[in-house]
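Only one structure is covered here, and it is reproduced in the block below.
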Protein chains: 2
Amino acid sequence: MSPSHSSLSFQKDSIGVLIGLVRSELVRALEAELQASGVDLRFTQFLILKRLAVAGPMSASELARSVELDGGAMTRQLDQLEGRGLLRRQPHEQDRRALRIELTPLGRTTWEQMTPCNDRVLKAAQKALDDTEREQLRDYLERVLTALRDKN
Amino acid sequence: MSPSHSSLSFQKDSIGVLIGLVRSELVRALEAELQASGVDLRFTQFLILKRLAVAGPMSASELARSVELDGGAMTRQLDQLEGRGLLRRQPHEQDRRALRIELTPLGRTTWEQMTPCNDRVLKAAQKALDDTEREQLRDYLERVLTALRDKN
DNA sequence: GAATAATATTTGTCAAGGCAAATATATTCT
DNA sequence: AGAATATATTTGCCTTGACAAATATTATTC
């Protein structure tokens with residue numbers, strides 16, 4: 001279709017486009033795995049629970065920064081996740097403005113159900129790369145991230 | 001901060017998280033470049049115009065698929081971009097259901113203003129990689145994308 | 001060739017995130 | 001100490017995108 005532009009249409013995607021595509025496939029794959037495992041969580045909620053499980057309790061704003069989510073959006077996600085009994089808002093001991101967000105036992109159980117999903121998706125994504133290439137990919141991505149962040 | 005979990009917090013990001021971070025930095029950087037060049041476009045609108053400029057006129061649904069945007073969302077983006085005079089909806093010659101979306105001269109001029117922004121961002125992102133590494137990064141990302149899409 | 005299925009576009013509805021304002025508390029400066 | 005500033009959380013408002021339904025047209029099947 002539209003053969004008159006085929007010479008132009010076959011140009012390779014830029015790194016930027018490629019990264020966007022990979023990201024959306026990763027999100028899609030993870031949400032599919034979660035659903036297939038009976039875990040009713042969206043990608044953002046998965047990230048929040050994962051962060052709490054891996055890094056331990058923290059304030060809502062620390063959590064928001066660490067998953068790159070807006071503070072207001074975080075409040076609403078916490079409302080939902082707390083309403084479902086997956087986490088708790090406790091008072092912060094040193095700072096009365098802040099909260100200490102912590103997983104409940106149910107939240108931890110849920111995390112244990114999701115972590116195999118995460119592993120499967122990452123494994124599937126990297127199945128065409130050997131160990132050396134995986135390390136290189138990570139290294140390149142880290143360098144790209146640093147370059148973008150240091151752009152002064 | 002939160003020294004009681006430092007041993008866990010210093011774990012490396014997964015490839016998944018890393019790709020998400022790179023993507024959001026790329027979007028941020030591109031939108032900043034556009035704004036600095038006086039081009040009032042969001043990332044999605046940039047993608048649409050770029051696609052039309054590079055691949056030529058196409059139907060709305062082809063365009064939607066090629067930038068991974070929902071059809072309904074595309075209709076509204078086209079409303080906006082057409083309203084600003086950047087593109088036109090023409091009748092499709094072979095298919096009376098469909099449209100032929102094409103850039104206006106203003107759309108083309110705008111594209112010429114944005115393409116240096118795109119180039120600067122991609123160059124900045126890859127400045128810490130040499131030519132070989134850039135090719136490898138692209139190759140790895142393509143293989144990851146294929147692996148995710150072929151997961152049967 | 002009529003019936004059925006598929007596709008293109010549009011519109012309505014909803015969920016999610018960004019931004020800004022409001023409030024409460026901490027921190028810094030003088 | 002007191003004032004000014006910064007940060008944490010919440011809420012309201014707005015934009016965007018996904019999903020589903022509606023309509024128009026094309027493609028396929030019987």
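In this structure, B:R42 places its CZ atom 10 Å from P of C:dG18, rounding to the nearest Å. In this structure, A:L78 places its CG atom 13 Å from P of C:dA16, rounding to the nearest Å. In this structure, A:I48 places its CD1 atom 11 Å from P of C:dA16, rounding to the nearest Å. Rounded to whole angstrom, the span from the CG atom of A:L69 across to the P atom of C:dA16 amounts to 11 Å. C:dG17 atom P lies 12 Å from atom CG of A:L63, rounded to whole Å. Atom CD of A:Q77 and atom P of C:dA16 are 6 Å apart (whole Å). Spacing between atom CD of B:E31 and atom C1' of C:dC19 amounts to 14 Å, rounded to whole angstrom units.
When the side-chain nitrogen and oxygen atoms of A:Q45 are compared with OP1 and OP2 of C:dA16, none of them lie within a distance under 4.0 Å. Between A:T44 and C:dA16 there is no side-chain polar atom (N or O) within less than 4.0 angstrom of OP1 or OP2.
Formation of a donor-acceptor pair under 3.5 Å by the B:E82 side chain with backbone atoms of B:R89 is found in this model.
Side-chain N/O atoms of B:S66 and B:R51 include a donor and acceptor closer than 3.5 Å.
Ion pairing between a basic and an acidic side chain is recognised when a charged N comes within 4.0 Å of a carboxylate O; A:E102 and A:R100 show such pairing. A salt bridge does not link B:R134 to B:D130: none of the charged side-chain nitrogens sits closer than 4.0 Å to a carboxylate oxygen. Between A:E68 and B:R28, at least one side-chain N (NZ, or NE/NH1/NH2) sits under 4.0 Å from a carboxylate O, which counts as a salt bridge. Between B:R42 and B:E31 there is a salt bridge, since at least one side-chain N of the basic residue sits less than 4.0 Å from a carboxylate O of the acidic one.
Comparing A:R96 and A:E68, the nucleotide of DNA chain C nearest to each residue sits closer to the 5' end for A:E68. For the pair A:R89 and B:R97, nearest-nucleotide mapping onto DNA chain D gives the more 5' position to A:R89.
At a threshold of 4.5 Å between side-chain heavy atoms, the hydrophobic network of Ile, Leu, Val, Met, Phe, Trp and Tyr places B:L122 and A:V22 in two separate groups.
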Could you go over nucleotides 11-13 of chain C and give all protein N or O partners under 3.5 Å, atom names and distances?
| residue | atom | partner | partner atom | Å |
| --- | --- | --- | --- | --- |
| C:dG12 | N7 | B:R76 | NH2 | 3.0 |
| C:dG12 | O6 | B:R76 | NH2 | 2.9 |
| C:dT13 | O4 | B:R76 | NH1 | 3.3 |

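Where DNA chain D meets chain A (any atom under 4.0 Å from a heavy atom), the bounding nucleotides read 5' to 3' are D:dA6 to D:dC13.
Using cut-offs of 30° and 60° for the angle between ring planes, the A:W111 and A:F46 rings count as tilted.
For CD of B:E112, the number of neighbouring non-hydrogen atoms (other residues, nucleotides, ligands) closer than 6.0 Å is greater than 12.
Helix bend of the helix from C:dG1-D:dC30 to C:dT30-D:dA1: the angle between its two end axes, each built from five pairs, comes to 30° after rounding to 10°.
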For a side-chain contact (heavy atoms from CB on, under 4.5 Å) check, start with the C-alpha distance between A:L137 and B:V144, then their side-chain angles and the critical distance, and finish with the verdict. CA-CA 10 Å; A:L137 175 55; B:V144 168; 4.1 Å; yes
